[in-house]
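What follows is a short report on a single structure.
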Amino acid sequence: GENVEQHPSTLSVQEGDSAVIKCTYSDSASNYFPWYKQELGKRPQLIIDIRSNVGEKKDQRIAVTLNKTAKHFSLHITETQPEDSAVYFCAAPYKYIFGTGTRLKVLA
Amino acid sequence: SQTIHQWPATLVQPVGSPLSLECTVEGTSNPNLYWYRQAAGRGLQLLFYSVGIGQISSEVPQNLSASRPQDRQFILSSKKLLLSDSGFYLCAWVSSGGRRTEAFFGQGTRLTVV
């Protein structure tokens, strides 16, 4: 079955710096790669996704890159702000298995 | 539009008591439904998923069970709760077809077993 590994588990950055979170998947047939953000005490929500026919997608300060050969995809957040502090999850669409999560802290 | 309801929002139960959490979806038919558990500060652990009435797949062996008595209803149960069952339980509906395969979560149930 599908296996998703996510790194790092925690990440602290200074406000204005960039943050990068990486996920590795095992099923080479996967063709859809989403990222979710979960604020404290709330439900996870989709923030960006990418299909396997493109290598990068950007939406304002967030972007997702995909390397199908290496089977990994990454979330990039630029110019981080305190409201970016949250837990971020990647997911594999098969059975919708989530990565272990990354707790991002943006230090003011 | 589609909405997903989950209740109760919080629950405190003694060890050994039964559990029943309910999740319903509106605005779609034959949804793919999921139950996840999130321990404090941890990730989203997939417990069960269902692609149709009476069809339940279990991902992790434990003292929990799931049922889908109706198309848009998904229930998580336990006959006897353990302390380790404490956590944040999330029901999700996953849309399929089209460009996006997105998971829509219910509000979650924070279960404390005492």
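Just so you know, these numbers come straight off a predicted model, no measurement behind them. The figures here come from the full heavy-atom set of this structure, side chains too, leaving out hydrogens, waters and symmetry mates. Every chain is numbered from 1 and lettered A, B, ... according to where its sequence line falls, protein lines coming before strand lines.
For A/Tyr96, the parts sitting under 4.5 Å from any heavy atom of chain B are the backbone and the side chain alike. The contact between B/Phe88 and chain A is made entirely by side chain atoms (from C-beta outward), counting heavy-atom distances below 4.5 Å. Interface remark: A/Gln38 contributes side-chain atoms only to the contact with chain B (heavy atom separation under 4.5 Å). Within the 4.5 angstrom heavy-atom criterion, no atom of B/Gln45 approaches chain A. Heavy-atom distances place the side chain of B/Leu46, and not its backbone, under 4.5 Å from chain A.
Using modelled atom types and a 3.5 Å distance limit, the side chains of A/Thr65 and A/His76 yield a donor-acceptor pair. A/Arg103 and A/Thr10 are not linked by any side-chain donor-acceptor pair at a separation below 3.5 angstrom, with hydrogens and angles left out of the test.
Note on A/Arg43, A/Lys42, A/Gln45: by heavy-atom pairs under 4.5 Å with chain B, the leading option is A/Arg43.
Note on ring orientation: taking the six-membered ring where Trp is involved, the planes of A/Phe98 and A/Tyr36 are perpendicular (angle over 60°, cut-offs 30° and 60°).
Ionic pairing of B/Glu26 and B/Arg72 is not present here: no N-O contact between side-chain nitrogen and carboxylate oxygen is shorter than 4.0 angstrom.
For the atom pair B/Leu33 CG and B/Ile75 CD1, the distance stands at 11.5 Å (nearest 0.5 Å).
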